[in-house]
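In what follows, a structure is listed as structure tokens, so that the remarks can point back to it.
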Amino acid sequence: MNLFALFVDHVRAALSELAREGVVPAGVDTARVVVEPPRDASHGDLSTNAAMVLAKEAGLKPRELAEKLSAKLAALPGVAKVDVAGPGFINLTLDGSYWPQVLAAVLVQGRDYGRSQAGGGQPINVEYVSANPTGPMHVGHCRGAVFGDALANLLAFAGWKVTREYYINDAGAQVDVLARSAFLRYREALGETITIPEGLYPGDYLVPVGKALVTKYGRTLLDKPEEEWLPAVRAIAIDAMMAMIRTDLAALNIHHETFFSERTLHARPHGAPSIIDRLLETLRARDLVYEGRLAPPKGQPVEDWEDREQTLFRATQFGDDVDRPLMKSDGAYTYFAADIAYHKDKFDRGFKRMIDIWGADHGGYVKRMQAAVKAASDGEASLDVELCQLVRLLRNGEPVKMSKRAGDFVTLRDVVDEVGRDAVRFMMINRKNDAVLDFDLAKVIEQSRDNPVFYVQYAHARACSILRNAAQAFADLPTAPADFAGAALSRLDDEGEVGLARLIANYPRLIEQAAPAREPHRLAFYLYDLASALHGQWNRGKDLPHLRFIIEDDRELTYARLALVHAVALIIASGLSILGVDAPEEMR
RNA sequence: GCACCCGUAGCUCAGCUGGAUAGAGCGCUGCCCUCCGAAGGCAGAGGUCGCACGUUCGAAUCGUGCCGGGUGCGCCA
């Protein structure tokens, strides 16, 4: 039940009634009407801008229309009071029957409370991480991974049919470098002393790959020329790297449904055209590909700029700044060409909505990719790109030194092992993705209010603790939340309790707004507010014993308050699970 | 030169796609607790929302132009 959506409907109904009475014209556009919680709780429970938005069309002054509307709204069951305020706000105060309904809904629906049908079950593809398979994941990959995963969870909760996808860049020059690096480790495993030249990957994570190659091939690769051993070594190395990356992702509790190999786009089995070949034919048939020249890039002068005629995609027809090359000077496809084919493939698999999560350094690539998706799908599909800004890794406010020596970076695994998965996940989402993020390794394991991970988890643990204590005090207490739905919830009339109920009522609305905005960070902030309200109510009970959750000589009131505690715990657990963070029952 | 992102309290950031007196944490100041619910609590000070025009009943939010910071700008991935 979304209270706010419900009242938008009430406003619409009131308007059509006024239209029948001839007070306002029929069929006014109500698209801009919103019902929201007022900023100041003293204004009531709900507030709508309807009168101000519609005044002009209705031919009335905002306050006049507000008076007429409020007369209708006041007649609704459950509405205790209606005020017209300021320039024409209509503020509604609900009577005592409403919050109990909301709480009962939470307790009955449990973890499904807040789940939305907004997505209508439509398929949506979220592509994230897509780190090159040339080594373990480093801390820079972390944010996009966590953001993408949380966003996927959020969209699923909001009613989308989500597929989580990883694009394996296993076709470029970098995987040949990987193969050569692995081959050195192979020779090392056979007893040679090796030195790793500049330009190859020096990390010792390739040592096991070298040993695996010995196990499989013995010494047989040693005498062969590179073109013979490279494909086999490359395949084994990529598999090993992907296995490592999947393990790293699993440490963050991230699991993709689809891993898509770039190589499959280039493959020409038995000389048949590749997927990219066929894509280019399609684009050519629509006159979206041509041979032409590009002006040299501005800014940093390009040393070896060669003015040549090349195969170009008409990206400018779809809003990009310049047309984009599809073929390199050596005749191979550009990365972009493969990427168009890849997104076309997503479209062919049934996705009209796609989301890509990229690092901010790829921002210059957004327009051309969106242009490509429009072109390749003939305007039927759309691509959203969410850019994740840099993470600055700190320890006690000091930047963590990252050695410039190649291969010696801070791995994602190091960070997860040091501070734990929950801290990493929560903190990476506790900021808008397009703003730079400071991640302090010392601060995120602090047990205090300024560590939001701890503060929110502690609220859940505290709620569980209250319920455990209550079970001591009342032996026959039920345990399932739904069993509390019948409690005397109307006795929850303290302002702190009503405040919690208001926050709880706002949860479905938050989900429905955060999902289309692609902003899981709103959920993190909401959970912090909810946790704060619970801790606040607990603390009030210290000075005012009659506000404590457990009142030993008032069984009915205790039941009602425990119902509230159950509801808060359910929502914290629900929200945290969307963020991919555990909701512990006790803090240790 | 161009494109995209950011600019809100001393610091780190929210601000619910245009609403009412712009919020939170930290820091600062003051009070409370050192036996029973303090891994603290309560209260206070602190803001020309980068600047300037514009759009309208109404702008931190939308538009345009500046200023400052970041990212990127054939064939790399």
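So that the names make sense, note that chain A is the first sequence line, chain B the second, and so on, each numbered from 1. Predicted, not measured: the structure shown is a model, and the values here were computed from it. The basis for the numbers below is simple: all heavy atoms, side chains too, and nothing from hydrogens, waters or symmetry mates.
Using a 4.0 Å heavy-atom cutoff across all strands shown, Gly172(A) reaches sugar-phosphate atoms only and no base atom. If you check every strand for non-hydrogen atoms under 4.0 Å, Tyr365(A) touches a base. Base contact: Arg32(A) has a heavy atom under 4.0 Å from a base atom.
For Asn451(A) against A39(B), no side-chain N or O and base N or O form a donor-acceptor pair under 3.5 Å. The base of A39(B) is paired with the side chain of Tyr458(A) by a donor and an acceptor separated by under 3.5 Å. You won't find any donor-acceptor pair under 3.5 Å spanning the side chain of Ser532(A) and the base of A24(B), going by distance alone.
Looking at Asn169(A) and Tyr335(A), their side chains do bring a donor and an acceptor atom within 3.5 Å of each other.
Between Glu512(A) and Arg509(A) there is no salt bridge, since none of the side-chain N atoms of the basic residue sits less than 4.0 Å from a carboxylate O of the acidic one.
Listed by residue number, Met52(A), Val53(A), Lys56(A) are the residues of residues 51-64 of chain A with a heavy-atom contact under 4.0 Å to RNA chain B.
Going from atom CD of Gln537(A) over to atom P of G40(B) covers 19 Å, rounded to whole Å. Whole-Å rounding puts the Tyr526(A) OH to G15(B) P distance at 16 Å.
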Would you write the dot-bracket representation of RNA chain B, where each base gets (, ), [, ], | or . depending on whether it forms a Watson-Crick or G-U pair under 3.5 Å and with which partner?
-> (((((((..((((.....[...)))).(((((.......))))).....(((((..]....))))))))))))....

